[in-house]
Undergrad: 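Have a look at this one.
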Protein chains: 2
Amino acid sequence: MIEISNAELSVMQVVWQRQPLSANDVIAGLGDDNDWHEKTVKTLLNRLVSKGALGFNKDGRAYLYYPLITEQDYQLQQSRSFVDRLFAGKVAPLVAGFASQNKLKPDDVQQLKQLIADWEQEQNHD
Amino acid sequence: MIEISNAELSVMQVVWQRQPLSANDVIAGLGDDNDWHEKTVKTLLNRLVSKGALGFNKDGRAYLYYPLITEQDYQLQQSRSFVDRLFAGKVAPLVAGFASQNKLKPDDVQQLKQLIADWEQEQNHD
DNA sequence: GCATGTTGATTACATCTGTAATAGTATGTG
DNA sequence: CACATACTATTACAGATGTAATCAACATGC
């Protein structure tokens, strides 16, 4: 299981958005969210390559990086591990926390209802 | 914001369950989940005290530890930060991931339905 | 062709983490 | 009282992380 640190994740997210891209593209893509030094970003790219999270092709002098794992897979893996650790694997209590903090927005709820409907559908026809 | 590492979290979870308790109680409480050396657990307790996550009262020679932050607060804080980082603050996509992996269990769904019902109720009467 | 700048590679360094071992201190036992 | 015990406090040490600086290689403008 590839472990991606917090800082590295920010880089991955840029690469997931638009790929492949150069180190400079990544630096630009990070924008104002992070104002890391250029060298810092290069280091993170390097580490991500070492970890097997990114691959690259040479484009003359520069590299063009692309993800080796999808954002979806990463999200799933992390979600499961997070919910396992903090909520004993149950997702409902997490959502309950959001609800209690008024962090649920109408379209969140709409999507949840849809999910549940689909899930129930699924239960029936098999 | 107090940062609790993974290993430290396991200790916190024991203390949240039953408090206050001694270092030995914690060691016993960790049970088979972790088979850390006694010294390791003491180190973790120490760090948690330094971080302000645990307090203690002396009980003769030994300390009795108790949490300075509630599990609820920690869960909320971590959930928000997790969902912000990976899902741009939207909780529904996280649940969708669970659904897609068949990780939703009937009682999860039941609780979610209840949450939504409550939420809608809330929306109406204010 | 040579100085320069650009790009990746290597090295740096403090802090945090996981995982203990050792030191210091108080306490109970004979 | 002296010693073994039982705790906590301090120290250790390697790997991960955040955050860069320096090095090396190569292309480019004079």
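Residue numbers begin at 1 in each chain, while the letters A, B, ... track the order of the sequences.
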Undergrad: What integer distance in Å separates Arg61(A):CZ from dA24(D):P?
TA: 22 Å
Undergrad: Identify whether the distance between the nearest side-chain nitrogen and carboxylate oxygen of Lys90(B) and Asp107(A) falls below 4.0 Å.
TA: yes
Undergrad: Side chain of Glu3(B) only, heavy atoms from C-beta on: which candidate in dT17(C), dT7(C), dC7(D) is closest?
TA: dT17(C)
Undergrad: Return the value, rounded to whole Å, for the distance between atom NE2 of His37(B) and atom P of dT11(D).
TA: 20 Å
Undergrad: Please evaluate the base of dA16(D) for a donor-acceptor partner in the side chain of Ser5(A) within a cut-off of under 3.5 Å?
TA: no
Undergrad: With a 4.0 Å cutoff (strictly under), does any side-chain N or O of Asn6(B) reach OP1 or OP2 of dT17(C)?
TA: no
Undergrad: Between dG8(C), dA9(D), dG18(C), spot the one nearest the side chain of Lys42(A), thanks.
TA: dG8(C)
Undergrad: Could you check how far CG of Asn34(B) sits from C1' of dA20(C), rounded to whole Å?
TA: 15 Å
Undergrad: Any donor-acceptor pair, under 3.5 Å, between the side chain of Arg47(B) and the base of dT10(D), if you only look at N and O atoms?
TA: no
Undergrad: Can you tell me how far P of dG18(C) sits from CE of Met12(B), to the nearest Å?
TA: 14 Å
Undergrad: Whole-Å distance between dA16(D) P and Asn46(A) CG?
TA: 15 Å
Undergrad: Between dA9(D) atom P and Leu44(B) atom CG, what is the distance in whole Å?
TA: 14 Å
Undergrad: Check every strand shown and say whether Lys51(A) touches a base, only sugar-phosphate, or nothing at a heavy-atom separation below 4.0 Å.
TA: sugar-phosphate
Undergrad: May I ask you to decide if Leu45(A)'s main-chain N or O and Glu8(A)'s side chain share a donor-acceptor pair within less than 3.5 Å?
TA: no
Undergrad: From the set dA20(C), dG8(C), dA20(D), return the single nucleotide nearest to any side-chain atom of Thr40(A).
TA: dA20(D)
Undergrad: What's the CZ-C1' distance between Phe56(B) and dC7(D), to the nearest Å?
TA: 12 Å
Undergrad: Could you check whether the side chain of Lys39(B) and the base of dT22(C) have a donor-acceptor pair of N or O atoms closer than 3.5 Å, going by distance alone?
TA: yes
Undergrad: Does the Asp108(B) side chain pair with the main chain of Ala92(A), one donor and one acceptor, at a distance under 3.5 Å?
TA: yes
Undergrad: Answer yes if the side chains of Ser22(A) and Asp25(A) hold a donor-acceptor pair under 3.5 Å, and no otherwise.
TA: yes
Undergrad: Is a side-chain donor or acceptor of Thr40(B) paired with a backbone partner of Trp36(B) at a separation under 3.5 angstrom?
TA: no
Undergrad: Thr43(A) near the nucleic acid: base, sugar-phosphate alone, or nothing, with a heavy-atom cut-off under 4.0 Å?
TA: base
Undergrad: Roughly how many Å is it from CD in Glu38(B) to P in dA20(C), rounded to a whole number?
TA: 11 Å
